[in-house]
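Since we're looking at a predicted model, the values are computed, not measured.
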Amino acid sequence: MKKIIAILFIFGVCSVFCQEMDSLQVIEIPESYANKTGEPFIVKKDSLYLFRTSDVFLVNKKSFLAIKNVYQSTLQQDKMTKELVEKYSQTLRRNIDLERRLKINFAENDRLDQLVYEKTQATLQNTQKALDYTVNSLEKATTSLELVGNGAKRQKRKGVFEKILIGAAGIGAGVLVGISL
């Protein structure tokens, strides 16, 4: 009888403990949780957890919120950095395009300057030829004027000489007529 009572007692105790274990809910954390991103599990008081991961980090609510705020501010700074890099890249692309246009403009200006230089050289050569022609013409005109001046002086001397001869002939004729009469 003692054996029966002992067996009944053991079964009674086991059934009581088994009922208590059945009323507790066991939450299993799988091994894949180690690679999970996002919000972590919130652990409730009086719950049983079975961790299949190699490491578990427990953080209180204040620490979790602080870490979460740092993480979100880092994400925002990352967005700001990304926007800053994008704007810098746009500015750099625009400056490269402006530099390319400036090089094209300088090349066009150089080409136009070369054309102006060539036309100016041609104009200077034509002006030089015109000046040479004018100098030659002036030298010929000066020579002609000198010849005309010399001819006029000769003519004037010749006219004076002729007048002297005519006057001397008139005197000689008058002397002859006066002697013969």
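Rounding to the nearest 0.5 Å places CD of Glu86 at 13.0 Å from OG1 of Thr81. Distance CG/Leu131 to CG/Asn126: 11.0 Å, rounded to 0.5 Å. Remark: Ile67 CD1 to Gln72 CD distance equals 12.5 Å, nearest 0.5 Å. The distance from the CD atom of Glu99 to the NZ atom of Lys103 is 4.5 Å, given to the nearest 0.5 Å. To the nearest 0.5 Å, atom CD of residue Glu83 and atom CE of residue Met80 are 8.0 Å apart. To the nearest 0.5 angstrom, Thr120 atom OG1 is 10.5 Å from Leu115 atom CG.
Within 6.0 Å of atom CD in Glu31, 12 or fewer heavy atoms from other residues, nucleotides or ligands are found, so the atom counts as exposed in its surroundings. Around CD of Glu118, the count of heavy atoms belonging to other residues, nucleotides or ligands within 6.0 Å exceeds 12.
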| field | Asn136 vs Glu139, side-chain contact (heavy atoms from CB on, under 4.5 Å): CA-CA, chis, key distance, verdict | value | CA-CA 5 Å; Asn136 287 336; Glu139 286 176 356; 3.9 Å; yes
| Step-by-step side-chain contact (heavy atoms from CB on, under 4.5 Å) determination, Thr74 to Val70 | CA-CA 6 Å; Thr74 303; Val70 167; 4.2 Å; yes
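Put simply, the side chain of Lys129 does not reach to within 4.5 Å of the side chain of Asp132, judged on heavy atoms. At a threshold of 4.5 Å between non-hydrogen side-chain atoms, the residues Tyr71 and Lys68 do not count as touching. You'll find the side chain of Glu108 reaches within 4.5 Å of the side chain of Leu112, heavy atoms only. Between Thr134 and Leu138, the closest side-chain pair of non-hydrogen atoms falls below 4.5 Å.
In this structure, Leu50 is a member of the same hydrophobic cluster as Leu48, with clusters built from ILVMFWY side-chain heavy atoms closer than 4.5 Å. A continuous path of hydrophobic side-chain contacts links Tyr88 to Ile96 [ILVMFWY only; heavy atoms under 4.5 Å].
Just one of Arg93, Arg94, Arg101 meets the side chain to side chain contact (heavy atoms under 4.5 Å, CB included) condition when paired with Asp97; it is Arg101.
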Going by atom type alone, with no hydrogens or angles, which donor-acceptor pairs under 3.5 Å involve a side-chain atom of residues 158-179 and a protein atom two or more places apart or on another chain?
none

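For the residue pair Glu146/Asn150, the side-chain donor-acceptor check at 3.5 Å is not satisfied.
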